Amino acid sequence: MQNYDHIKIEKKWQKEWSKNEIYKTLNKGKKMYVLDMFPYPSGVGLHVGHPRGYIGSDVYARMKRMEGFNVLHPMGYDAFGLPAEQYALQHKIHPKKAVDENVKTFERQLSIIGLSYDWTRKVNTTDPKYYKWTQWIFLQIYNSWYDKTQNKARPISELESLFEKNGNEKINAECNSDTEFFSSKEWKLFSKIEKHNILMQYRLAYEGHSEVNWCEEMGTVLANDEITNDKNGNPVSERGGFPVIKKSMRQWFMRITAYADRLLSGLDGLEWSDHIKEIQKNWIGKSDGSEIEFKIRVPGKFSSGPRLPDLAVVRAGTREDEGPDHSENFSRDSLSIKVFTTRADTIFGATYVVLAPEHPLINNYKLLITNWREIEEYINEIKNKTDEDRVKNDKEKTGVELKGIKAINPANGEEVPVWIADYVLATYGTGAVMAVPAHDERDFEFANKYDLALKQVVVSNNLLKSIVVSTTLDNDIDFKYQLQKSKIDFTLSISSISNREHIRVELKKENLQEFINIVQKYIKEKCWVEILGNENIIVLKNEVHKDFLNHSEEWFKKFLEWEPFIKGQKNLWDMLSKNTFFQNLVCYQDDGILTNSGKFNGLTSEEARAQITKFVNGKIVTKFKMRDAIFARQRYWGEPIPLKHNPDGTTTEVKEKNLPLELPNIKSYVSTGTGESPLAGVKSWVKEGYETNTMPGWAGSSWYFLRYMDPQNSKAFASKKSLEYWKDVDVYVGGLEHATGHLLYSRFWNNFLFDLGHVPTREPFKKLRNQGMILASDGRKMSKRWNNVVNPDDIVKNYGADTLRIYEMFMGPFEQSLPWSTESIIGSRRFIDRVFRLQSKVTNKKSDIEVEKIFHKTLKKVSEDIENFAFNTAVSSMMILLNEIEKFENIGKAEFKILLQMLAPFAPHVTEELWSNTGEKKSIHKSSWPKWDKNKIVDDMIKIAVQVNGKVRTEIMISKDMSESEIKEMALKDKNILTWTEGKEIKRVIYVPNRIVNIVV
RNA sequence: GCCCGAGUGGCGGAACUGGUAUACGCGCACGACUUAAAAUCGUGUCUCGUAAGGGAUGUGGGUUCGAUUCCCACCUCGGGCACCA
């Protein structure tokens, strides 16, 4: 490494840049906001994988700066949360101190890489001046409700006046599902606490109870994404690996579900990868379906017909000790079960109804149910199971019938049994389903186990597309001959797996009968038949194949039952056209054509869904998988929630002028372990009535991108003026692991702030790029545990920051995970050395025209590649350029300077050194990005390939002004080509401009 | 199980919208410089074949003048979701 002293040069320029503040952001000009996901400053320091994203965004930001944009490229710290507190506990220091120490390490490691952050805009979520505004935003959310008609959040005070005027029946708002109706008059009569409780059901940040993931060891509640499974499949905390159980607790929630639809539709306008959009879509989990009521009937007690039982009988079902008599509310709803389904088209096949074991209606039916003891036992059994047990994939479904009551299928009036079963979730849809075993896998499995009826109501409509006949016949030539004779089209292929020949028949209506005749004849005379898969595959074989025995016993049993039918093949037509044979073994879940469905027969599933829903008085509804987010931690190290609990049970907020509500300084912030936050042990805090829970880790990170726009502002989280100027993040760079956390919460908060007019755009991140992980050379994640961590400090010391930067960009596509190779890094260093040496060849003379051309072509490529985050090919094209120009004796200064400028975003230090060596006084990073000259990227003569029948046979040089026919003629006359075309008729000549000529003979 | 994404030399990878597959880098081999080594520079490096030429982009088919690229089936790996009706 004698070429240049990277240690000296890099230090020198880093000092210079910070002295001259060359990366300082202005507040005018054409804006460009390039943001990295700010890190949690952990104690262990960085490995070479961490800076990859930062380097990518830095390259981009540097080019944009040179292109004349006013670039905002900041960095900060997300320092609240469990990890910091755990670290502090372990090291027996205050979390604040731990954070400060870690930030220092972090900044030292980052600073040597030469990233162009404007450090004057640094933010830290644990700074009271910062979290004042986190608390402020919380209060805005707390004081809002979601109007589904206007489709936006509105101040809670507006809701109060609406209640005052009309009560709540006509208000189309997002609220808790158990909210009851009241009139304007009733509202006025409600007590303070009643009003408070009702409003709480509408607030976008609300208090409630819920079953949560409780970690005894850590004394805290964890979010789903903070939990993993240990090797036995038991739930454990991601950090520490402590066991996690279910526990019901008082919680604060964020009503993110109010925004589910907008979070979904908002994705359309974003330049994010399809992959991450897919993850968010899945997470939000929208499904369009119908809510349909199944009436309840008590057989025996009442004569006949779907008559409802007397209210008195049902009322007797409520327990005396349940407190006030709810029978008025109880009446209608209790006499029917509301189910949610996306397959209303299959309702004629609904042969039973299932409630989740937790379903509130079950208790109401107590006196009607004849096997109550059994039911109670079952429910208790389920309660004691962990979620993990219940959801385990290979677990058999269990359930019990509610004997004594029946449900009425509203489509055909049939009486069907009612069950409770653990495969139905209380938390999704209505907590009840209509079971259609013929068309739903889960219902199918359950029905098989408990011997419940199965009724097929949808048949496949793709039968007429194609049928594959797979043969293991000794001689299938005859079969093919028969097909040919009947003019049935087919194609042949060999299955790579079974080595069977596949005859794919494209069936048309007019030869369906003919085809079936042939198959029937075969079955009758020569062979066995088997029908496989969902793909209409028929297997013709000489004997029962061994494969057969690989099927489950059950399948085999059923097959045997069908065997005489097949041997007799009376009804093959029916078997094929309805495919009942197959469908009765494995349920058919796709859309199709309705059958056995009364007047709806013949409709497509899609048509039927709408019509049937209407017919049974159902309602078209949309459901989401996403749940409201828990917004509380029983921990010390988080933002205090700025609310006070009053003795009368109501809650009041801390006034804006009293924000921030600062974390009290306490001696022991160790968790009490009782589920109470350490704050519950602070007397002064409790005396004031302050909320003892703190905010979760994602609070501070859900809006930090706004704070960078105006980080010092003490009057607002950012001034209107800077918000209007910066608007949103143009390019956001970070890891994929935040897809369902941070990236969703930030979008939620930003949408909310938009509704109230606090920010100018709905969506915060226009363009998102996810850097791939850098794995260790053994292909595993870099981790202390595997002892495979590569420290960037060592790389910077041995090879230089520029080499590290170039290598990390060159190693492969930015979004792809790649293994690190310290062996390969030398290539990037050599490249820099060669550029460094190139300066001795620089003259004041003009470069050769060929040299100029290469330069401009490369410049175009590099500019476009950086724009597209294709950093690897940008570096590679500069390497190609260098290979080319090294062949020349001399190179003009102008071209050399272009090379330096192109390279500057990747290797800021060495290019700055060389730039100053050319006599430039101003920093290269303040220079303007060179423009490529489109006249200098076209060649006069180009080489194209000539193919004969698609195979390259020679190359010819053409000039750019030759016509198509001239080129074709030149190709045909080429002597290499003549040896291939001699004596043959030229059928066609294809010319693709600037690429190839293909001669077909 | 369902839904995405990906499979190209010894290795990381390149190939625009269907148009000369294997750019660039690492490694390896040979050569030059050197007393020697390092560094540097040069040459070669998918495969079979002396050559002409043939064969290769996970496997098998298809469409096309032409397929890494489009379609169908399958295999493998990675990721997401996981009884969401």
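Proteins get letters first, then strands, A, B, ... in listed order; numbering begins at 1 in each. Here the structure is a predicted model, which means the values were calculated and not measured.
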Could you give the side-chain donor-acceptor pairs of residues 984-1001 of chain A under 3.5 Å, partners two or more places apart or in another chain?
unit_1	atom_1	unit_2	atom_2	d
A:Tyr991	OH	A:Asn994	N	3.3
A:Asn998	OD1	A:Gly950	N	3.0

Looking at every strand, decide which applies to [X] at a 4.0 Å heavy-atom threshold: base, sugar-phosphate, or nothing.
X	answer
A:Lys951	sugar-phosphate
A:Arg627	base
A:Leu818	sugar-phosphate
A:Val1000	sugar-phosphate
A:Lys987	nothing
A:Glu955	base
A:Asp443	nothing

Short N/O separations, protein against nucleotides 66-69 of chain B, under 3.5 angstrom:
none

Does the structure show a Watson-Crick or G-U wobble partner for [N], both distances under 3.5 Å? Name it, or say none.
N	value
B:A38	none
B:U43	B:A29
B:A73	B:U59

B:G10 and B:A73: how far apart are their P atoms, nearest whole angstrom?
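Between the two P atoms, the distance is 31 Å.
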For nucleotides B:U59 and B:U8, find the distance between their P atoms and express it as a whole number of Å.
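The answer is 10 Å between these two P atoms.
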Please enumerate all residues that pass ring-ring contact (aromatic ring centres under 6.0 Å, His included) together with A:Phe888, with sequence neighbours excluded.
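Partners of A:Phe888 under the ring-ring contact (aromatic ring centres under 6.0 Å, His included) test: none.
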With A:Phe294 via ring-ring contact (aromatic ring centres under 6.0 Å, His included) - residues at least two apart:
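A:Phe294 satisfies ring-ring contact (aromatic ring centres under 6.0 Å, His included) with no residue once adjacent residues are dropped.
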List, one per line, each side-chain donor-acceptor pair under 3.5 Å for residues 870-880 of chain A, sequence neighbours excluded.
unit_1	atom_1	unit_2	atom_2	d
A:Thr873	OG1	A:Asp865	OD2	2.9
A:Thr873	OG1	A:Ala870	O	3.1
A:Ser877	OG	A:Thr873	O	3.2
A:Ser877	OG	A:Ala874	O	2.9

Validation: residues 424-435 of chain A side-chain donor-acceptor distances under 3.5 Å, sequence neighbours left out:
unit_1	atom_1	unit_2	atom_2	d
A:Thr427	OG1	A:Arg627	NH1	3.2
A:Tyr428	OH	A:Ser287	OG	2.7
A:Thr430	OG1	A:Lys338	O	2.6
A:Thr430	OG1	A:Phe340	N	3.4
A:Thr430	OG1	A:Ala432	N	3.4
A:Thr430	OG1	A:Ala432	O	3.2

For nucleotides 44-50 of chain B, give me every protein contact, N/O to N/O, under 3.5 Å, one pair per line with atom names.
none

What residues, two or more places apart in sequence or in another chain, satisfy side-chain contact (heavy atoms from CB on, under 4.5 Å) together with [X]?
X	result
A:Trp980	A:Val948, A:Arg953
A:Asp274	none
A:Lys286	A:Asp261, A:Leu264, A:Asp288, A:Thr622, A:Phe624

Considering residues at least two apart in sequence or located in another chain, which fulfil the salt bridge (Lys or Arg N to Asp or Glu O under 4.0 Å) criterion with A:Lys943?
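Partners of A:Lys943 by the salt bridge (Lys or Arg N to Asp or Glu O under 4.0 Å) criterion, ordered by chain and then number, come out as A:Glu955.
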With a 4.5 Å heavy-atom cut-off, do A:Trp283 and A:Met626 have their side chains touching?
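They are in side-chain contact.
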I want to check something: taking the side chain as every heavy atom from C-beta on, are A:Tyr4 and A:Asp833 in contact at a cut-off of under 4.5 Å?
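A:Tyr4 vs A:Asp833: side chains touch.
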Contact pattern, 5' to 3', of nucleotides 24-33 of chain B - B, S or - by protein heavy atom under 4.0 Å
BSSS------
Can you check B:G42 for me, syn or anti if syn means within 90° of 0?
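You should classify B:G42 as anti.
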Which nucleotide, B:G19, B:G53, B:C4, lies nearest any side-chain atom of A:His275?
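Closest of the options to the side chain of A:His275: B:C4.
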Whole angstroms only, please: what is the CD-P distance between A:Glu278 and B:C3?
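Taking atom P of B:C3 as the reference, CD of A:Glu278 is at 11 Å.
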Nearest-nucleotide wise, let me know which of A:Ala945 and A:Trp980 is further upstream toward the 5' end of RNA chain B.
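This one resolves to A:Ala945.
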Please determine whether a side-chain nitrogen of the Lys or Arg among A:Glu884 and A:Lys887 lies less than 4.0 Å from a carboxylate oxygen of the Asp or Glu.
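Between A:Lys887 and A:Glu884 there is a salt bridge, with a charged N closer than 4.0 Å to a carboxylate O.
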